[in-house]
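Reviewing the structure listed below.
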Amino acid sequence: MNLKNIAIIMDGNGRWAKKNNLKIKEGHAKGVSALKEIVKECVNQEIESLTVYAFSTENWKRPKSEVESINNLIVNSINNELDELIEQNVKVKFFGDYINFGKNTFKKIKFAEEKSFLQKPQLRLNVALGYGGKMDIINIAREVSRLKIKPSQIDEKTINDLSQVPESNIDLLIRTGGDTRVSNFLLYQIAYSEIHFVRKLWPDYSKKDFKRNIKKYLNSERRFGDRA
Ligand code: IPE
Ligand code: IPE
Ligand code: MG
């Protein structure tokens, strides 16, 4: 299949919780269940990588209680889901400044990455946590300067190597929740992505919806600037 690298902005957990008279944290928990189903479908469809936006640099502005519930959810999700991910040959990688979630979470993330490490995984699952596209670009610029890389030596590979983002190119970016913006997600890597905005809230997004997005992608004509 032509479709190899997918990214998702998993938006709408808060509205879903409100709609169902539940607490915000229950919305986020339901969001993890939705992700589990989409990961399974990626494995089924032999997608190579799935990169998801779990927490942005801007999300630190949220109430402490919500940030803490997300922090707990990360640790619990690793505890509950890691074995099944490994069974499916999924390699898990986190990226962003997730160190700000504390030592305990940091250690748990490193444990998950090490335990699921594979040279040739069925699927690379990349989770953006405390990530922001602008921050990533600023860090790349800082690294270029710190490493004294000559201007003439800078090319796409330099940027990809220095970026926190594990994937260099995203074929399809999906955002649920109805908003038509990128919210500081993968800026450089989505340069030529097809972008699908879906009205459904993330916890309601199903395999069926995902298959519809894949089909739409496969029907799109990708010219990359060339003549058709
Ligand atoms: C996305 O859902 C998850 C995170 C940003 C952590 P939201 O919590 O933003 O849900 P809405 O947009 O308020 O519905
Ligand atoms: C984007 O959603 C971040 C994640 C899904 C993790 P937000 O809800 O934070 O984005 P805005 O505030 O609508 O732009
Ligand atoms: Mg939101």
Side-chain angles (χ1 to χ4, degrees), residues 5-39 42 49-78 80-81 92-102 105-106 108-109 112 125-138 163-167 170 172-190 193-206 209-210 213:
N5 304 298
I6 301 180
I8 306 182
I9 300 173
M10 309 182 291
D11 195 29
N13 296 349
R15 279 164 284 167
W16 184 89
K18 206 169 173 192
K19 190 179 84 178
N20 291 285
N21 287 319
L22 295 167
K23 293 188 182 131
I24 295 262
K25 70 172 187 185
E26 294 172 294
H28 291 311
K30 192 74 173 94
V32 174
S33 309
L35 176 59
K36 211 177 142 177
E37 289 307 300
I38 300 308
V39 167
C42 284
S49 78
L50 176 67
T51 304
V52 296
Y53 209 7
F55 196 89
S56 73
T57 44
E58 287 72 24
N59 289 147
W60 292 113
K61 293 180 218 160
R62 293 198 180 188
K64 238 186 178 171
S65 57
E66 183 178 354
V67 174
E68 205 37 51
S69 72
I70 290 171
N71 196 352
N72 291 333
L73 187 61
I74 297 158
V75 174
N76 290 338
S77 301
I78 292 175
N80 297 330
E81 307 301 339
V92 188
K93 173 93 188 136
F94 288 76
F95 65 102
D97 295 333
Y98 54 81
I99 182 77
N100 297 327
F101 279 102
T105 304
F106 185 85
K108 187 57 87 181
I109 285 172
L125 172 62
N126 309 305
V127 183
L129 200 57
Y131 168 84
K134 284 193 173 183
M135 196 62 224
D136 193 28
I137 291 172
I138 291 166
S163 170
Q164 290 181 328
V165 183
E167 306 301 327
I170 299 298
L172 169 63
L173 171 68
I174 299 166
R175 179 178 184 137
T176 60
D179 287 312
T180 49
R181 56 176 171 262
V182 172
S183 300
N184 202 13
F185 199 29
L186 317 168
L187 303 177
Y188 185 78
Q189 296 79 6
I190 59 168
S193 305
E194 298 294 318
I195 306 185
H196 294 180
F197 295 104
V198 180
R199 217 168 289 152
K200 269 201 186 174
L201 304 172
W202 174 248
D204 288 329
Y205 187 75
S206 66
D209 299 311
F210 188 53
N213 284 115

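Start at 1 and go down the list; that is how both ligands and their atoms are numbered. This structure is a prediction, so every number in the text was calculated from the model and none was measured.
- With R15 contributing its side chain and L201 its backbone, the two residues share no donor-acceptor pair below 3.5 Å.
- Residue-to-ligand polar distances keep I70 apart from ligand 1: every N/O pair is separated by 3.5 Å or more.
- The protein non-hydrogen atom at the shortest distance from atom 10 (O) of ligand 1 is G14 N, 2.9 Å.
- The number of heavy-atom neighbours closer than 6.0 Å to NZ of K25, taken from other residues, nucleotides and ligands shown, is 12 or below.
- A side-chain donor-acceptor contact under 3.5 Å links D209 and S206.
- Inspection of the T180 and R175 side chains reveals no N or O donor paired with an N or O acceptor under 3.5 Å.
- Heavy-atom proximity to atom 3 (C) of ligand 1, evaluated over I9, N13, L129, is greatest for N13.
- Between the side chains of Q189 and T51, no donor-acceptor pair of N or O atoms lies under 3.5 Å.
- A salt bridge is defined here as a Lys NZ or Arg NE, NH1 or NH2 lying under 4.0 Å from an Asp or Glu carboxylate O, and R181 with D11 fails to meet this definition.
- In the vicinity of F55, heavy-atom distances shorter than 4.0 Å reach the ligand 2 atoms 6 (C).
- For atom 6 (C) of ligand 1, the nearest non-hydrogen atom of the protein is A54 O, 3.3 Å.
- Between the Mg ion (ligand 3) and D11 there is an N/O/S contact shorter than 2.8 Å.
- Annotation for ligand 1: atoms under 4.0 Å from non-hydrogen atoms of D11 are 1 (C), 2 (O), 7 (P), 9 (O), 10 (O), 11 (P), 12 (O).
- Each of the atoms 3 (C), 6 (C), 9 (O) of ligand 2 lies under 4.0 Å from some heavy atom of N59.
- Closest to atom 8 (O) of ligand 1 among all protein heavy atoms lies R62 NH1, 2.8 Å.
- Of the listed residues (M10, H28, R181), the one carrying the non-hydrogen atom nearest atom 12 (O) of ligand 2 is R181.
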Show the numbers, then the answer: is there a salt bridge (Lys or Arg N to Asp or Glu O under 4.0 Å) between D204 and K19?
CA-CA 11 Å; D204 288 329; K19 190 179 84 178; 2.9 Å; yes
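- With a heavy-atom cut-off of 4.0 Å, A128 does not touch ligand 2 at all.
- Scanning the protein for heavy atoms near atom 4 (C) of ligand 2, the closest one is Y53 CD2, 3.8 Å.
- Which parts of ligand 1 touch R15 is read off a 4.0 Å heavy-atom cut-off, strictly below it: atoms 11 (P), 12 (O), 14 (O).
- No side-chain heavy atom of V127 sits under 4.5 Å from any side-chain heavy atom of F95.
- Under a 4.0 Å heavy-atom criterion, K61 is not in contact with ligand 2.
- Checking each of W60, F55, F106 against Y98 for a ring-ring contact (aromatic ring centres under 6.0 Å, His included) leaves exactly one that passes, namely F106.
- Between E81 and K36 there is a salt bridge, with a side-chain nitrogen of the basic residue lying less than 4.0 Å from a carboxylate oxygen of the acidic one.
- Judged by the shortest distance from any of its heavy atoms, G12 lies inside the 4.0 Å radius around the atoms of ligand 1.
- Between W202 and Y205, the angle of the ring planes stays under 30°, which puts this pair in the parallel group of the 30/60° scheme.
- Ligand 1 is never approached by A17 to a heavy-atom distance shorter than 4.0 Å.
- Taking distance alone, with nitrogen or oxygen atoms compared against 3.5 Å, S183 approaches ligand 2 more closely than that limit.
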